[in-house]
Engineer: 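For reference, the structure I am asking about is given below.
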Amino acid sequence: MLFAVICTDRPGALEIRKATREKHLAFLENYKQAIQFAGPQLDVNGTPCGSLVLLDVPDRAAAEGFAAADPYAEVNLFESVIVRPLRTVFRDGALVE
């Protein structure tokens, strides 16, 4: 099942993000089979201000466990984390419904 993990950084936390980035990337490597997309959200100046990860995992508990175990979450980078299920309608240039 697909889930979007949508994270918004706390204001003024860019240095925490930078300091934790290598641990975060190593963590993502453990989920590379499940990750459909992952990347930072950017503010109007192009500065990272959050994260977006699309995961293909068995259930909500797995998606929430992923979000909770992220090193960014462990250092309290995020102001908010939303985990939402998704349904694919369009992928790789084609309607899939």
Side-chain angles (χ1 to χ4, degrees):
M1 183 169 193
L2 286 177
F3 288 88
V5 179
I6 307 157
C7 307
T8 302
D9 292 1
R10 288 185 298 110
L14 182 59
E15 293 307 313
I16 293 170
R17 174 179 278 278
K18 288 179 180 179
T20 313
R21 184 171 187 268
E22 292 305 316
K23 283 184 179 180
H24 169 72
L25 293 176
F27 169 78
L28 294 180
E29 279 290 321
N30 295 321
Y31 286 88
K32 64 184 173 185
Q33 298 301 318
I35 294 173
Q36 302 296 304
F37 170 89
Q41 297 181 71
L42 306 176
D43 67 14
V44 296
N45 299 314
T47 303
C49 63
S51 299
L52 174 63
V53 180
L54 299 181
L55 287 174
D56 189 354
V57 292
D59 53 33
R60 176 180 286 279
E64 289 175 349
F66 167 88
D70 186 332
Y72 281 164
E74 292 178 350
V75 296
N76 198 28
L77 173 64
F78 301 130
E79 177 178 76
S80 67
V81 175
I82 298 169
V83 176
R84 280 216 172 105
L86 298 171
R87 181 174 49 92
T88 302
V89 174
F90 204 85
R91 175 178 276 167
D92 299 326
L95 190 63
V96 296
E97 94 156 347

Engineer: Could you check Arg84, Gln36, Arg87 and say which one makes a side chain to side chain contact (heavy atoms under 4.5 Å, CB included) with Leu2?
Structural biologist: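 Only one of Arg84, Gln36, Arg87 forms a side chain to side chain contact (heavy atoms under 4.5 Å, CB included) with Leu2, namely Gln36.
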Engineer: With side chains defined as the heavy atoms from C-beta onward, is the minimum distance between Cys49 and Leu42 less than 4.5 Å?
Structural biologist: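 The answer is no, as the side chains (C-beta and beyond) never meet within the 4.5 Å cut-off.
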Engineer: One pair to check against side chain to side chain contact (heavy atoms under 4.5 Å, CB included): Leu95 and Val89. What are the steps and the verdict?
Structural biologist: CA-CA 6 Å; Leu95 190 63; Val89 174; 3.6 Å; yes
Engineer: Classify the angle between the aromatic ring planes of Phe27 and Phe66 as parallel (below 30°), tilted (30 to 60°) or perpendicular (above 60°).
Structural biologist: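 Geometry flag for Phe66 against Phe27: tilted rings.
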Engineer: Might you point out which heavy atoms bring Val53 and Ala38 nearest each other, and give the distance in Å?
Structural biologist: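 So the two residues come closest at CG2-CB, 4.1 Å.
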Engineer: Please check if the side chain of Gln41 supplies one atom and the backbone of Cys7 the other of a donor-acceptor pair under 3.5 Å.
Structural biologist: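 Checking the backbone N and O of Cys7 against the side chain of Gln41, a donor-acceptor pair under 3.5 Å is found.
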Engineer: To check you understand the geometry: which heavy-atom pair defines the closest contact between Arg21 and Tyr72, and what is its length?
Structural biologist: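 Minimum heavy-atom separation between Arg21 and Tyr72: CA-OH, 3.5 Å.
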Engineer: Taking all non-hydrogen atoms of both residues, which atom of Ala4 and which atom of Leu52 are closest, and how far apart?
Structural biologist: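 So the minimum-distance heavy-atom pair works out to CB-CD1, 4.5 Å.
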Engineer: Just by distance, do the side chain of Asn45 and the backbone of Thr47 share a donor-acceptor pair under 3.5 Å?
Structural biologist: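 Side chain of Asn45 to backbone of Thr47: no pair is present.
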Engineer: Which atoms form the tightest heavy-atom contact between Ala67 and Val81, and what is the distance?
Structural biologist: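 Ala67 and Val81 have their closest heavy atoms at CB-CG1, 4.1 Å.
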Engineer: Could you grab the distance from atom CZ of Arg17 to atom CD of Glu15, nearest 0.5 Å is fine?
Structural biologist: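 So the CZ of Arg17 and the CD of Glu15 are separated by 12.0 Å.
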Engineer: In terms of hydrophobic clustering (I, L, V, M, F, W, Y; side-chain heavy atoms under 4.5 Å; direct or indirect links), are Val5 and Phe37 co-clustered?
Structural biologist: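 No, because Val5 and Phe37 fall into different hydrophobic clusters, even though each may have its own neighbours under 4.5 Å.
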Engineer: For a side chain to side chain contact (heavy atoms under 4.5 Å, CB included) check, start with the C-alpha distance between Phe3 and Leu54, then their side-chain angles and the critical distance, and finish with the verdict.
Structural biologist: CA-CA 6 Å; Phe3 288 88; Leu54 299 181; over 6 Å; no
Engineer: Hey, quick one: are Leu55 and Val96 part of the same hydrophobic cluster, counting side-chain heavy atoms closer than 4.5 Å, chains of contacts allowed?
Structural biologist: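 No, separate clusters.
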Engineer: Indicate the atoms forming the closest heavy-atom contact of Val57 with Ala62, along with that distance.
Structural biologist: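 Taking every non-hydrogen atom into account, CB-CB, 3.8 Å.
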Engineer: For the pair Arg10 and Ile16, evaluate side chain to side chain contact (heavy atoms under 4.5 Å, CB included) and give the outcome as yes or no after the intermediate values.
Structural biologist: CA-CA 10 Å; Arg10 288 185 298 110; Ile16 293 170; 3.3 Å; yes
Engineer: Would you give the length of the straight line joining atom CD1 of Ile35 to atom CD of Glu29, rounded to the nearest 0.5 angstrom?
Structural biologist: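 Separation between the atoms: 8.5 Å.
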Engineer: Taking Asp56 for its side chain and Met1 for its backbone only, find out whether a donor-acceptor pair lies under 3.5 Å.
Structural biologist: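 Yes, because the side chain of Asp56 sits within donor-acceptor range (under 3.5 Å) of the backbone of Met1.
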Engineer: Which pair of non-hydrogen atoms, one from Pro48 and one from Leu14, has the smallest distance, and what is that distance?
Structural biologist: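 Answer, listing the atom of Pro48 first, then Leu14: O-CD1, 4.1 Å.
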Engineer: In the single-linkage hydrophobic clustering (I, L, V, M, F, W, Y; side-chain heavy atoms under 4.5 Å), do Phe78 and Tyr31 co-cluster?
Structural biologist: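 Phe78 and Tyr31: one cluster.
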Engineer: Does atom CZ of Arg60 have more than 12 heavy-atom neighbours from other groups under 6.0 Å away?
Structural biologist: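 Check passes, neighbour count above 12.
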